[in-house]
Amino acid sequence: ADGIIAAGRVLAEYGTAGVAFICPGAVKSGLWFYRLANALAQTDQATIDISAQTLPLTDSEARIEAYRRLSNALFDLTPAYRDKQLAQIEAELGTDDRPVHPQLKTLDEAGLQAAADTGGIFFANHSWSHPNLIVLNEDGLHAELIRADEWLQASGLPVMNWFAYPRGNQNQRVRAVVRQHFKLAFAFGDGRPHLDELDFLPRIGLYRQDQNRLRFQLKLLGAGRLMKWRA
């Protein structure tokens, strides 16, 4: 919460604003991958048994590898089944009743409002629960998009009619549904805007690759030109 509020203040000081893509279904419980990271960071267990395999948790590198493997597997599950699996992991690791690590806390509604009050942050749709949209049926896909949109519209927060794909995952079926509801859609990519599809732009954020100034400027330049052309 502190990071996005500070970012909003800085942006407001420069007379501009940023857009934070949020999953409303995780406002109270926290994003599932933050919960997974919290469980692995706080556990006293030396291993975890999952899907007929034993993953070591003996040091930070082992825990990072366990996080990578578990998060990839959980991401491909439907939201309801994923939550059950995650609860099982938290219980097995003995962290289901521990407070969240300070660095893994996510925004609650008060934090969202505080960020909005800076005047430097707008909010947009990142799906309801951050699933792999590709594996959802049509009803599940629409529910993830529309439920989040309805929450945002009723929240009183400043919002944009934009969408960011969870982990960037999408295909033509998913993109067709997204086009029905949103002006612009963002996904991870190679840093170049997709000039053949005007509703598809690269995500820019505080990621390791985007800390390269040349890459960051390339993404800003390409996305900026495309958005100006659309306007």
Side-chain angles (χ1 to χ4, degrees), residues 1 3-5 7-8 11 16-35 74-83 86 105-189 193-194 197-206 223 226-227 230-231:
I4 195 170
I5 293 170
L11 289 166
T16 187
V19 178
F21 295 91
I22 61 172
C23 298
V27 168
K28 291 183 179 179
S29 62
L31 285 163
W32 66 266
F33 47 88
Y34 277 80
R35 289 171 55 196
L74 289 170
F75 182 60
D76 288 330
L77 303 178
T78 59
Y81 187 53
R82 181 192 63 204
D83 289 345
L86 180 57
K105 287 184 176 179
T106 55
L107 286 170
D108 55 15
E109 291 189 42
L112 293 174
Q113 188 60 58
D117 288 344
T118 67
I121 295 290
F122 286 79
F123 297 92
N125 196 320
H126 196 33
S127 76
W128 179 257
S129 69
H130 205 279
N132 184 349
L133 299 177
I134 294 172
V135 306
L136 301 181
N137 61 25
E138 294 305 305
D139 289 343
L141 178 57
H142 279 85
E144 280 287 332
L145 304 184
I146 295 170
R147 188 178 181 190
D149 195 51
E150 289 176 345
W151 188 95
L152 284 164
Q153 295 302 324
S155 68
L157 298 169
V159 299
M160 302 290 290
N161 182 229
W162 294 358
F163 181 75
Y165 295 98
R167 287 200 185 178
N169 278 30
Q170 40 73 33
N171 57 19
Q172 290 300 329
R173 179 181 70 90
V174 170
R175 288 169 74 170
V177 175
V178 168
R179 286 192 194 100
Q180 296 175 22
H181 301 287
F182 303 99
K183 239 182 187 181
L184 293 174
F186 297 77
F188 291 118
H194 295 239
E197 302 199 38
L198 302 185
D199 61 345
F200 190 82
L201 292 165
R203 284 172 59 178
I204 298 173
L206 299 178
L226 185 54
M227 292 180 75
R230 279 180 59 83

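Worth knowing before you read on, the calculation uses all heavy atoms, side chains too, and leaves out hydrogens, waters and symmetry mates.
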Do S155 and L112 touch side chain to side chain, with heavy atoms closer than 4.5 Å?
no
Report the C-alpha distance between F33 and H130 in whole Å, list the side-chain angles of each, state the deciding distance to 0.1 Å, and finish with yes or no for side chain to side chain contact (heavy atoms under 4.5 Å, CB included).
CA-CA 9 Å; F33 47 88; H130 205 279; 3.6 Å; yes
Once rounded to the nearest 0.5 Å, what's the spacing between atom CD1 of I121 and atom CD1 of I22?
11.0 Å
Pairwise distance CD1(I134) to CG(N171) - rounded to 0.5 angstrom:
4.5 Å
If I take atom CG from residue L86 and atom CZ from residue R82, how far apart are they, to the nearest 0.5 angstrom?
8.0 Å
Could you state the interatomic distance from CG (D108) to CD (Q113), rounded to the nearest 0.5 Å?
11.0 Å
Distance col, row L152:CG vs F122:CZ, nearest 0.5 angstrom, shows 13.0 Å
Side-chain contact test, heavy atoms from C-beta onward, threshold under 4.5 Å: evaluate it for N161 versus N125 and give yes or no.
no
Shortest non-hydrogen contact from P79 toward L136:
CD-CD2, 3.7 Å
Heavy-atom pair of closest approach, residues P158 and A116:
CD-CB, 3.6 Å
V174 vs Y165 side-chain heavy atoms within contact, under 4.5 Å:
yes
For S129, does its backbone N or O pair with a side-chain atom of E144 as donor and acceptor, under 3.5 Å?
yes
Is the NZ or CZ atom of R167 both under 6.0 Å from the centre of the six-membered ring of F75 and within 45° of that ring's axis?
yes
Minimum side-chain heavy-atom gap P166-N132 below 4.5 Å
no
Apply the test side chain to side chain contact (heavy atoms under 4.5 Å, CB included) to residues F186 and V19: give CA-CA distance (whole Å), side-chain angles for both, the deciding distance (0.1 Å), then the verdict.
CA-CA 12 Å; F186 297 77; V19 178; over 6 Å; no
Let me confirm one number: the CG-CG distance from L133 to L145, rounded to the nearest 0.5 Å.
6.5 Å
Apply side chain to side chain contact (heavy atoms under 4.5 Å, CB included) to residues I146 and H181 and explain how you reach the verdict.
CA-CA 8 Å; I146 295 170; H181 301 287; 4.0 Å; yes
Sub-3.5 Å donor-acceptor pair from the side chain of H126 to the main-chain atoms of A164, do we have one?
yes
Does the side chain of W32 reach to within under 4.5 Å of the side chain of L74, using non-hydrogen atoms?
yes
Using side chain to side chain contact (heavy atoms under 4.5 Å, CB included), reason through F163 and D149 one step at a time and then give a plain yes or no.
CA-CA 10 Å; F163 181 75; D149 195 51; over 6 Å; no
Is there a side-chain contact between L141 and R173 in this structure, where contact means two heavy atoms from C-beta onward sitting under 4.5 Å apart?
yes
Quick check: do M160 and K183 have side-chain heavy atoms less than 4.5 Å from each other?
no
Do F182 and V177 have side chains that approach each other closer than 4.5 Å (heavy atoms only, starting at C-beta)?
no
What pair of heavy atoms forms the shortest contact from I5 to A114, and how long is it?
CD1-CB, 3.7 Å
